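Below: one structure, written as structure tokens.
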Amino acid sequence: MASKIFRISCPRSELDLNITLQCGQSFRWRRVSPGSEKWRGVVGNVVWTLSQDDSYLICQPHFSHSQYTTPYFSQHGRKRKKDMELGIQIKPTNSEKVLDCISVRMLRQDPVENVFSFICSSNNNIQRITMLVDRLCKLYGSLLTTVEGTTWHSFPTVAVLAGDGVEDTLRAEGFGYRAKFIHKSAKQILERGGEKWLHSLRLLPYKECHSQLMSLHGVGAKVSDCICLMSMGHLDAIPVDTHVFQIAARDYLPHLKTRKTVTDKVYQEIGDHFRTVFGEYAGWAHSVLFSADLKIFQALRPESQNGNKKQGIKKCKHL
DNA sequence: ACCCGACCTGCTAT
DNA sequence: AATAGCAGGTCGG
């Protein structure tokens with residue numbers, strides 16, 4: 001049931017789908033077919049097919065029923081580039097790959113999806129995280145629609161994830177020790193007021209938001225920062241994982257090279273350093289550096305070929 | 001305040 | 001072929 005297509009003015013230099021949808025912010029986007037430049041995924045309760053040329057995003061919703069959607073790509077502007085250039089000048093290591101990834105855009109995700117996706121991320125790799133998140137949606141989400149023979153499901157509600165037997169089921173489905181984290185966090189969120197409570201955290205200052213999220217079982221400092229950055233609107237949150245730790249030790253804080261693990265103190269030090277170097281969009285800059293170090297982007301060369309025909313075009317401010 | 005080992009799973013390297 | 005190492009960490013001691 002294809003419907004209207006939305007064209008959104010947005011230069012590829014400021015938002016590259018291939019990087020943004022594949023760099024480990026969201027685990028729900030798939031290429032329409034192998035090698036395709038079109039992406040398909042779920043935002044809220046709507047399946048979208050996204051593509052772009054050098055100047056526009058082209059967005060097609062697949063409705064099964066009438067819906068609308070809230071802004072998904074964050075609106076942080078061009079000033080961020082200055083911050084990034086400043087950072088690159090200070091530390092040129094890896095700068096070529098970094099420039100390839102500068103067109104990553106932070107998403108503004110739904111907090112529920114963000115929380116449970118990143119609970120799945122602990123001590124895990126992107127491929128398996130993607131598989132687990134997909135499994136979570138198929139098990140506990142509701143069927144939205146079928147597109148070209150593929151079924152698409154919504155992300156599960158908190159109440160469903162808090163239900164009886166969820167932990168045992170998830171363990172049997174290969175979630176490992178994360179099964180308990182998911183079930184218990186869902187129950188904690190429900191006790192505090194459910195989705196409404198989680199959304200209300202967006203009103204808090206960064207530090208408070210960060211510590212509230214950390215009260216959830218399975219959400220530590222790193223996952224909490226992922227949520228702050230990717231769904232709470234805190235563009236200065238710095239998730240420090242093993243990868244960012246390596247980058248920091250290599251390019252910014254050489255005295256960390258001798259350390260084996262990220263302690264709370266080192267975690268804080270790296271975040272503060274990034275915020276000092278990159279300013280208010282430090283979290284975005286962190287994602288550029290993180291993406292540049294990801295294996296899948298090592299051989300990146302996004303050559304644009306376009307010439308997309310369009311019909312039934314409609315203007316839309318945001319997705 | 002700080003550090004350490006255990007923990008599920010599945011892919012990779014040796 | 002078997003085994004250690006690692007992946008966007010967190011928890012409890």
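These numbers come from a predicted model, not from an experiment. The sequence lines fix the lettering, A, B, ..., with proteins before strands; numbering per chain opens at 1. What's counted below: heavy atoms across the whole structure, side chains too, no hydrogens, waters or symmetry copies.
- Per the geometry, CG belonging to N125(A) stands 13 Å off C1' belonging to dG9(C), to the nearest Å.
- Here the options are R202(A), M230(A), M232(A), the test is side chain to side chain contact (heavy atoms under 4.5 Å, CB included), and the partner is R108(A); only R202(A) passes.
- For T242(A), a side-chain nitrogen or oxygen approaches OP1 or OP2 of dG9(C) to under 4.0 Å.
- Residue contacts shown for F290(A) include a base, since a base heavy atom lies under 4.0 Å away.
- Near DNA chain C, meaning a heavy atom under 4.0 Å away, the residues from residues 227-241 of chain A are M230(A), P239(A), D241(A).
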Quiz item: If you write DNA chain B from 5' to 3' in dot-bracket form, with Watson-Crick or G-U pairs under 3.5 Å, [ ] for crossing pairs and | for pairs with another strand, what do you get?
Solution: ..|||||.||||||
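- A distance of 12.5 Å separates NZ in K222(A) from CD1 in I238(A), rounded to the nearest 0.5 Å.
- Residues that satisfy the side chain to side chain contact (heavy atoms under 4.5 Å, CB included) test with E269(A), not counting sequence neighbours, are L253(A), H255(A), L256(A).
- Between F278(A) and Y252(A), the two ring planes are perpendicular [angle over 60°; tilted spans 30° to 60°].
- Annotation: dC11(B) and dT10(C) have their C1' atoms spaced 22 Å apart (nearest Å).
- Taking atom C1' in both dC2(B) and dG12(C), one finds a spacing of 14 Å when rounded to whole Å.
- Contacts of K38(A) classified as salt bridge (charged side-chain N to carboxylate O under 4.0 Å, His left out), with partners at least two apart in sequence or in another chain: none.
- Here D134(A) does not pair with R128(A) in a salt bridge; the nearest charged N to carboxylate O distance is not below 4.0 Å.
- Using a 4.0 Å cut-off between charged nitrogen and carboxylate oxygen, R275(A) and E280(A) do not count as a salt-bridge pair.
- Under 4.0 Å is where a charged nitrogen must lie from a carboxylate oxygen, and between R28(A) and D110(A) no such pair does.
- Summarising the geometry, the separation between CG on N123(A) and P on dC11(C) is reported as 13 Å, rounded to the nearest angstrom.
- Of the residues in residues 171-180 of chain A, R171(A), G174(A), G176(A), Y177(A), R178(A) come within less than 4.0 Å of DNA chain B through at least one heavy atom, sorted by number.
- The side-chain hydrogen bond (donor to acceptor under 3.5 Å, both in side chains) contacts involving residues 226-246 of chain A comprise N114(A)-S231(A), where partners must be two or more places apart or lie in separate chains.
- With sequence neighbours left out, E173(A) forms a side chain to side chain contact (heavy atoms under 4.5 Å, CB included) with R135(A), L139(A), T169(A), F175(A).
- When the P atom of dG8(C) is taken as reference, atom CG of L107(A) falls 18 Å away, rounded to whole Å.
- Rounded to the nearest 0.5 Å, atoms SG (C23(A)) and CG (L294(A)) are 7.0 Å apart.
- The CZ atom of F27(A) sits 15 Å away from the P atom of dA7(C) (whole-angstrom rounding).
- If you take atom P in dC3(B) and the same atom in dG8(C), they sit 25 Å apart, rounded to whole Å.
- Using a 4.0 Å heavy-atom cutoff across all strands shown, V219(A) reaches sugar-phosphate atoms only and no base atom.
- C120(A) comes within 4.0 angstrom of no nucleic acid atom, judged by non-hydrogen atoms across all strands.
- As a whole-Å value, the separation of F245(A) CZ from dC6(C) C1' is 15 Å.
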Exercise. Before giving the answer on ring-ring contact (aromatic ring centres under 6.0 Å, His included), spell out for F27(A) and F118(A) the whole-Å C-alpha distance, their side-chain angles and the decisive distance to 0.1 Å.
Key: CA-CA 9 Å; F27(A) 303 95; F118(A) 276 89; 5.3 Å; yes
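- Taking the ring centre of Y56(A) as origin, the terminal cationic atom of R7(A) falls inside the region bounded by 6.0 Å and 45° from the ring axis.
- When each of I126(A) and L216(A) is assigned the nucleotide of DNA chain C with its nearest heavy atom, I126(A) is the one assigned upstream, toward the 5' end.
- For the pair L132(A) CG and dG8(C) P, the computed distance is 13 Å after rounding to whole Å.
- Cluster membership check: L136(A) shares its hydrophobic cluster with L190(A), using side-chain heavy-atom separations under 4.5 Å among Ile, Leu, Val, Met, Phe, Trp and Tyr.
- For the segment residues 206-215 of chain A, the set of residues with a heavy atom within less than 4.0 Å of an atom of DNA chain B is empty.
- Rounded to whole angstrom, the span from the CD1 atom of I129(A) across to the P atom of dA7(C) amounts to 12 Å.
- Partners of Y140(A) under the side-chain hydrogen bond (donor to acceptor under 3.5 Å, both in side chains) rule, at least two apart in sequence or in another chain, do not exist in this structure.
- If you take atom P in dG13(C) and the same atom in dC8(B), they sit 15 Å apart, rounded to whole Å.
- For R171(A), the side chain to side chain contact (heavy atoms under 4.5 Å, CB included) partners are Y177(A), A179(A), not counting sequence neighbours.
- Not a single donor-acceptor pair, N or O on each side, falls under 3.5 Å between the base of dG9(C) and the side chain of K222(A).
- Using bins of under 30°, 30° to 60° and over 60° for the plane-to-plane angle, the ring pair W29(A)/Y72(A) lands in the tilted bin.
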N/O donor to acceptor pairs below 3.5 angstrom from side-chain atoms of residues 156-164 of chain A, sequence neighbours left out:
unit_1, atom_1, unit_2, atom_2, d
T157(A), OG1, V160(A), N, 3.3

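- Taking a heavy-atom distance under 4.0 Å as the criterion, the stretch of DNA chain B touched by chain A extends 5' to 3' from dC2(B) to dG10(B).
- Summary of the strand contacts: H217(A) and L294(A) both lie near DNA chain C, and taking for each the nucleotide with the nearest heavy atom, the more 5' one is attributed to L294(A).
- Summarising the geometry, the separation between CD1 on I119(A) and P on dT10(C) is reported as 10 Å, rounded to the nearest angstrom.
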